[in-house]
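One structure is given here, and the rest of the page talks about it.
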Amino acid sequence: MKRIVIANWKMNLSLAEALALAQQAIRVAEDMPHVQVVIAPSFVWLVPLNLELRIKPGNFSLSGQSVSQWPDGAYTGDVSAKQLSHLVDYCLVGHSERRRFYHEGGDSIAGQIKQLLAHKITPVICFGEMSQSKQSTVSSQITIDLRKDLVGLSAQEIGRCLFAYEPLWAIGTGMAATPDYAKRVIEHTKQWANEQYGVKIPVLYGGSVTEDNAADFGTVKTIDGLLVGGASLHAKRFAHICERFSGHV
Ligand code: PGA
């Protein structure tokens, strides 16, 4: 698998800004064919971006930021995996902001994953602890939480997902986890998935990733990618992050 860098634009950018930034992200993908570059805009920009960005390299994709747990029906405000299926290759699931502000969790996460897989969209399942603690405590809490998110999913389904380790205390705070801390949690999670389900899961790191720390995360070979929020809203910063993480400097 190529290393992957996902830009989570959250609820930001006008259409003109989104188009301009997406064009720059395409240039980054063209310059770095060994990296999968993914942008996750607001739902409303997915259609115009798909129409405008006609020439996309194979290592460039769009992602959703969330999805409904239901296939269709009377769910005001929701967007289904079926509706997303011709627009995106990836979709975030259970981002901490969805869990915190929209109370997503438990069965709804597994439901979203199932819907995405049924429509051939790769789920990017976000997980992470609330506060910094001893690594062993963090790792065991994470596996308890993940087990709830993955309830009812087969090993084969879990093997088709990406995971993103995002400690909540690191998101948007400017206080990234150290690469060593992230490495230990990620390696423990991978080992747990292997023992529990017999699958090798790719795990990304997210939380205050910047152009200054991307190279350090890049040196950890078990970190399969990055999920970038704030810094991905600036074309140059995002390009530097991709370059430095992938060692393409
Ligand atoms: P941040 O956000 O890079 O601004 O910390 C990461 C995320 O929320 O995915």
Side-chain angles (χ1 to χ4, degrees), residues 3-13 17-18 21-22 24-25 28 35-43 45-46 61-67 88-105 109 112-113 116 122-132 138 142 145-146 149 161-179 181-182 185-186 189 202-218 220 223-246:
R3 283 183 129 185
I4 178 167
V5 183
I6 304 180
N8 178 10
W9 290 353
K10 308 193 182 187
M11 196 176 69
N12 291 296
L13 305 177
E17 288 165 341
L21 202 54
Q24 312 253 26
V28 171
V35 181
Q36 188 70 27
V37 176
V38 181
I39 58 172
S42 297
F43 281 140
W45 303 151
L46 287 172
S61 304
L62 292 174
S63 169
Q65 296 179 7
S66 73
V67 69
V88 302
D89 297 319
Y90 297 87
C91 187
L92 306 183
V93 174
H95 187 280
S96 68
E97 287 148 17
R98 300 295 309 173
R99 295 182 195 259
R100 180 163 165 225
F101 300 122
Y102 305 96
H103 312 293
E104 288 184 9
I109 303 286
Q112 293 177 33
I113 297 168
L116 291 170
T122 302
V124 182
I125 304 165
C126 304
F127 65 93
E129 76 280 11
M130 295 282 287
S131 49
Q132 213 164 354
V138 166
I142 278 174
D145 293 345
L146 267 179
D149 288 345
C161 298
L162 290 181
F163 291 77
Y165 169 53
E166 296 208 301
L168 271 61
W169 49 267
I171 297 179
T173 58
M175 274 184 13
T178 62
Y181 184 96
V185 177
I186 286 174
T189 309
V203 185
L204 284 52
Y205 169 78
S208 294
V209 171
T210 66
E211 60 280 30
D212 297 328
N213 58 26
D216 293 337
F217 287 113
V220 182
I223 299 182
D224 299 296
L226 296 174
L227 179 51
V228 190
S232 73
L233 294 168
H234 307 269
K236 279 216 173 93
R237 295 184 69 191
F238 184 64
H240 285 320
I241 288 169
C242 294
E243 272 166 19
R244 292 174 190 176
F245 176 68
S246 66

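Counting starts at 1 for both ligands and their atoms, in listed order. Positions are given from 1 along the sequence.
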(Q) Any carboxylate oxygen within less than 4.0 angstrom of a Lys/Arg side-chain nitrogen, looking at Lys10 and Glu97? (A) yes
(Q) Under 6.0 Å between ring centres: does that hold for Phe217 and Tyr205? (A) yes
(Q) Quick test of your reading of the structure: of Gly128, Gly172, Gly229, whose heavy atom lies closest to atom 5 (O) of ligand 1? (A) Gly172
What atoms in ligand 1 come closer than 4.0 Å to a heavy atom of [X]?
X	result
Gly230	1 (P), 3 (O), 4 (O)
Gly207	5 (O)
Lys10	2 (O), 7 (C), 8 (O)

Q) Considering distance alone, does some N or O of Ile171 sit under 3.5 Å from an N or O of ligand 1? A) no
Q: Could you tell me whether some N/O pair between Thr173 and ligand 1 is separated by less than 3.5 angstrom?
A: no
Q | side-chain hydrogen bond (donor to acceptor under 3.5 Å, both in side chains) against Ser61, all qualifying residues, sequence neighbours excluded | A | Gln36, Asp89
Q) Listed by chain and number, what are the ring pair (Phe, Tyr, Trp, His ring centres under 6.0 Å) partners of Tyr181, not counting sequence neighbours? A) Trp169
(Q) Taking the side chain as everything from C-beta on, heavy atoms only, tell me whether Trp9 gets closer than 4.5 Å to Leu21. (A) yes
Q. Identify the closest protein heavy atom to atom 9 (O) of ligand 1: which residue and atom is it, and at what distance?
A. Glu166 OE2, 2.7 Å
